There are 2 protein chains.
Amino acid sequence: MQRKWKNFSQSFEKCPMFNGISTDEIMDFLICSKAELKQYSKGEIIISQGEKITSIGILVEGKAEAMKIDPHGNAYLAAQISEGNIFADLLAAGEDRECPVTVIATKDSAACMIPWKSVLIRCEKNCHKHNIILENLIKAFSNKFFELFSRIDCLTARKVEDKVLTLLEKYRKDGEDKIKLPFDREGMANYLAIDRSALSRELSRMKDKGIIDYNKNEFVILKKVNI
Amino acid sequence: MQRKWKNFSQSFEKCPMFNGISTDEIMDFLICSKAELKQYSKGEIIISQGEKITSIGILVEGKAEAMKIDPHGNAYLAAQISEGNIFADLLAAGEDRECPVTVIATKDSAACMIPWKSVLIRCEKNCHKHNIILENLIKAFSNKFFELFSRIDCLTARKVEDKVLTLLEKYRKDGEDKIKLPFDREGMANYLAIDRSALSRELSRMKDKGIIDYNKNEFVILKKVNI
DNA sequence: GGTGGTAGGTTGCCAATGCAACGAAAATGG
DNA sequence: CCATTTTCGTTGCATTGGCAACCTACCACC
């Protein structure tokens, strides 16, 4: 039984949920919490939009994407899920909520599904690692929340220029001039909910005006517009 | 000691954090968790942008607003906090995170500040109500998360018409035609990050085109545009 | 080296929408 | 019940940005 989890120990170790937990303790927890292993072929649906989920998932192998269908029927990318990422966590932790996205495996994948109840309820052995895991999870919730929150800052700016500057500020590391974004242009445009060509145009304009400089996905803010 | 909390029992009772907990048990919890009462005059700052907070707050009296300063120095409203609302919860539950907003009392107010550590750590008495409170809080986290998530759906629509329709769908209750929004026009425009007059214009247009009907903040979707 | 594919810059066009200003209607306060 | 304030709709104007089409540079693969 424990064997199957061992194969994926690397994924578990990089999962923020298990920060500060030894590999052996992780294995103990997985057994104690009655986690299940599910496997998916490339293209297979892991969770459908509208479905109700009571287990949190950890992607232990492969890659997946959360797609959202808008009212016009267009599908667009809501999130990428890589090895070691947690998914469906806030969904399972909520009360009887429908999944707002469809999660699809983009490679052959495996996921570890952990019943939310067994995360929440202390196991009989009262293992104190259990507490740390819950605490880690809650921190992950907080991070996900503030990630959305800061995206909203970008989205509520009324002009492309302001959206870009807000985005750059968000990714600026203290003391560093270079800002490296984790997007290509199309990803950046999607994140900001604007047209790719309009973004390109505006970036050029901002470079001409001397507000920013950039090369591929590395940016520098030259001129503080305001504070 | 317990006296001071009694004055605010109504606020605690409507706080989702204490769902299913009796008033007496709430009082026990507040003492056990070393909660503190803080009072603020109208206009006083409760939390400053950039501050780090380790206690979650419950507004037990008055009213407050979370204001955000954008890069141009404009302040805008990020959230309203009424009696019985929890605030700074995801902030305190995160790790060492700076508050992204400034919280200001808009009336003379009182807040109960509960150290996050004492929510997370089981008290020595191992009171099982403690678990329910934590579970309630996590559900509240989930709700706040999905609230943001669905706002992003509205914000990422490229046209005002789509933003409006997405918003209406979000507030539509199953089986009811009338959709009542908790905004005035200006609030609605802010939520959707568009100009108020542009919203008014578009609403009129949509009424003319027979897509929706409305009266004040009550709306009806007449024509399904798509699915 | 050639070839096909992809990412990203450019541009023209025009509809969408931000902005400002105004007026009407409704709500509030005395 | 009147006066004041607030909310909401309307409109003209200038700007913005979505869309489509095209081009270039770069990369991978043969």
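Computed from a prediction, not measured in an experiment: that's the story for all the values here. The sequence lines fix the lettering, A, B, ..., with proteins before strands; numbering per chain opens at 1.
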Partner set under salt bridge (charged side-chain N to carboxylate O under 4.0 Å, His left out) for A:Lys68, not counting sequence neighbours
B:Asp153
Grab the N/O contacts between the protein and nucleotides 20-26 of chain D below 3.5 Å, and write none if there aren't any.
from: D:dA20; atom 1: N6; to: A:Ser197; atom 2: OG; distance (Å): 3.2

Can you pull out how bent the helix from C:dG1-D:dC30 to C:dG30-D:dC1 is, comparing the axes over its first five and last five pairs, to 10°?
60°
At 4.0 Å (heavy atoms only), tell me whether A:Tyr214 reaches a base, stays on the sugar-phosphate, or touches nothing.
sugar-phosphate
Could you list the residues that satisfy salt bridge (charged side-chain N to carboxylate O under 4.0 Å, His left out) with A:Glu13, not counting sequence neighbours?
none
When rounded to whole Å, the CD to P distance for the pair A:Glu161 and D:dG17 reads 9 Å
When the distance from CD1 of A:Ile194 to P of C:dT17 is rounded to whole Å, what number comes out?
15 Å
Roughly how many Å is it from CZ in A:Arg158 to C1' in C:dT17, rounded to a whole number?
11 Å
Rounded to whole Å, CG of B:Leu155 lies from P of C:dT17 at a distance of 14 Å
Could you list the residues that satisfy salt bridge (charged side-chain N to carboxylate O under 4.0 Å, His left out) with A:Glu95, not counting sequence neighbours?
B:Lys139
For B:Glu186 and A:Ala193, take the nucleotide of DNA chain D holding the closest heavy atom to each; which residue's nucleotide lies nearer the 5' end?
B:Glu186
I'd like to know if B:Glu44 pairs up with B:Lys38 as an ion pair, taking the criterion as any Lys NZ or Arg NE/NH1/NH2 lying under 4.0 Å from an Asp or Glu carboxylate oxygen.
no
Rounded to the nearest angstrom, tell me the gap between atom CG in A:Asp162 and atom P in D:dT15.
17 Å
Rounded off to whole Å, could you give me the NZ-to-C1' distance for the B:Lys209 and C:dA15 pair?
12 Å
Quick note, salt bridge (charged side-chain N to carboxylate O under 4.0 Å, His left out) partners involving residues 47-62 of chain A, not counting sequence neighbours, are A:Lys52-A:Asp96
Please list, by residue number, the residues of residues 198-206 of chain A whose heavy atoms come closer than 4.0 Å to an atom of DNA chain C; answer none if no residue qualifies.
A:Ser200, A:Arg201, A:Ser204
Got a sec, which residues hit side-chain hydrogen bond (donor to acceptor under 3.5 Å, both in side chains) with B:Thr106, two or more places apart in sequence or on another chain?
none
Would you list the atom pairs, donor with acceptor, under 3.5 Å between side chains in residues 200-207 of chain A and any protein atom, with sequence neighbours excluded?
from: A:Glu202; atom 1: OE1; to: A:Arg205; atom 2: NH1; distance (Å): 3.0
from: A:Ser204; atom 1: OG; to: A:Ser200; atom 2: O; distance (Å): 3.1
from: A:Lys207; atom 1: NZ; to: A:Tyr214; atom 2: O; distance (Å): 3.4

Applying ring pair (Phe, Tyr, Trp, His ring centres under 6.0 Å) to B:Phe141 and not counting sequence neighbours gives none
Are there more than 12 heavy atoms of other residues, nucleotides or ligands under 6.0 Å from atom NZ of A:Lys14?
yes
Out of D:dG17, C:dG8, D:dC8, minimum distance to the side chain of A:Arg185 belongs to C:dG8
Rounded to whole Å, the NZ-C1' distance (A:Lys163 to C:dT17) equals 13 Å
Tell me, which pairs form a salt bridge (charged side-chain N to carboxylate O under 4.0 Å, His left out) where one or both residues lie in residues 83-92 of chain A, sequence neighbours left out?
A:Asp89-A:Lys144
Identify, with sequence neighbours excluded, every residue that meets salt bridge (charged side-chain N to carboxylate O under 4.0 Å, His left out) alongside A:Lys107.
none
Mind calculating the distance between NZ (A:Lys159) and P (D:dT15) to the nearest angstrom?
10 Å
